[in-house]
Amino acid sequence: MTVSDPIADMLTRIRNAIMARHDFVWVPSSKMKLAITTILKAEGLIGDYEVIKKENHRVIKIVLKYDDNSSPVLNGLERVSKPGLRVYTRNKEVPRVYGGLGVAILSTPEGVMTGQQAWRKGIGGELLCYVY
């Protein structure tokens, strides 16, 4: 079975694992998903990740992060640009998520980066998702 939107599938797997209070979640690997996972780790929204090679494919093991009260650090993952409706943003119009508390993840000509990084570099791109 092929997934028509692999990034939305990844976000949904993470969302479901958090709701079920799992310690980690497995996600099929790709360069884009790995770049998004790296940003989530750098922003402190997930505990850790590692790429594992299974039989003939690679998967990303994402360790979820919870605070002292066992509530998840990651509260929301929202897909913005979809295969049927791509959403692009200019360099000066990069949105702030929850007044700067969340993270917008963009795919730019210089690679996948946060909205704040794209704004500082003065480049726009495809608005992949909001994470808060």
Side-chain angles (χ1 to χ4, degrees):
M1 181 181 98
T2 2
V3 178
S4 64
D5 188 2
I7 296 170
D9 177 63
M10 172 187 164
L11 298 176
T12 301
R13 286 175 188 240
I14 294 172
R15 197 179 305 114
N16 289 344
I18 287 172
M19 285 172 38
R21 299 277 191 240
H22 288 255
D23 294 328
F24 61 89
V25 63
W26 299 98
V27 177
S29 181
S30 72
K31 289 181 183 178
M32 180 72 76
K33 292 178 195 174
L34 194 56
I36 293 171
T37 305
T38 305
I39 290 173
L40 293 177
K41 168 74 172 141
E43 294 293 323
L45 297 169
I46 60 172
D48 202 4
Y49 70 93
E50 66 177 302
V51 180
I52 299 172
K53 182 152 176 61
K54 290 197 172 185
E55 296 100 40
N56 57 352
H57 61 282
R58 294 176 2 182
V59 293
I60 306 171
K61 179 183 178 183
I62 300 174
V63 178
L64 303 172
K65 191 173 181 181
Y66 298 93
D67 64 9
D68 297 336
N69 302 332
S70 74
S71 61
V73 172
L74 203 53
N75 292 317
L77 299 114
E78 185 180 326
R79 180 76 158 117
V80 179
S81 184
K82 300 177 172 90
L85 179 64
R86 299 288 183 192
V87 177
Y88 297 95
T89 183
R90 292 193 169 125
N91 56 354
K92 300 296 181 201
E93 299 169 358
V94 176
R96 290 170 49 109
V97 182
Y98 279 100
L101 297 176
V103 179
I105 300 178
L106 279 80
S107 174
T108 68
E110 295 185 16
V112 179
M113 60 182 71
T114 65
Q116 191 173 33
Q117 291 168 336
W119 182 79
R120 284 192 182 130
K121 289 185 175 188
I123 54 178
E126 182 181 354
L127 193 54
L128 296 176
C129 60
Y130 296 143
V131 184
Y132 46 91

*Heavy-atom distance under 4.5 Å between the side chains of Ile14 and Leu64, does that happen here?*
yes
_Note, Arg21 side chain near Pro72 side chain (heavy atom, < 4.5 Å)_ = yes
*asked:* Just so I know, are the side chains of Tyr130 and Val80 near enough to count as touching, which here means a heavy-atom distance under 4.5 Å?
replied: yes
*Is a side-chain donor or acceptor of Lys61 paired with a backbone partner of Val25 at a separation under 3.5 angstrom?*
no
*Are Val59 and Val51 in one and the same hydrophobic cluster, where Ile, Leu, Val, Met, Phe, Trp and Tyr link if side-chain heavy atoms are under 4.5 Å apart?*
no
*Any donor and acceptor pair, going by atom type alone, linking the side chain of Arg79 with main-chain N or O of Leu128 inside 3.5 Å?*
yes
_So for atom CD, which belongs to Glu126, do other residues, nucleotides or ligands contribute more than 12 heavy atoms lying within a distance under 6.0 Å?_
yes
*asked:* Is there a continuous path of hydrophobic side-chain contacts, each under 4.5 Å between heavy atoms, that joins Trp26 to Ile46?
replied: no
*For Ser81 and Tyr88, test the side chains for any donor-to-acceptor distance below 3.5 angstrom and give the result as yes or no.*
no
_Using the side-chain contact (heavy atoms from CB on, under 4.5 Å) definition, which of the options Ile7, Val131, Ile60, Val27 pairs with Ile36?_
Ile7
*asked:* Are the side chains of Phe24 and Asp48 in contact, using a 4.5 Å heavy-atom criterion?
replied: no
*asked:* If we ignore hydrogens and angles and just use 3.5 Å, is the side chain of Arg15 paired with the main-chain N or O of Leu77 as donor and acceptor?
replied: yes
_Neighbour count above 12 (heavy atom, 6.0 Å) for Lys31 NZ_ = no
*Do the side chains of Ile123 and Met113 get nearer than 4.5 Å, heavy atoms only?*
yes
*Assess whether atom CZ of Arg86 is packed by more than 12 heavy atoms of other residues, nucleotides or ligands within 6.0 Å.*
yes
*Return yes when atom CZ of Arg58 has more than 12 non-hydrogen atoms of other residues, nucleotides or ligands closer than 6.0 Å, and no otherwise.*
no
_Restricting to salt bridge (charged side-chain N to carboxylate O under 4.0 Å, His left out), what partner residues turn up for Glu50, sequence neighbours left out?_
none
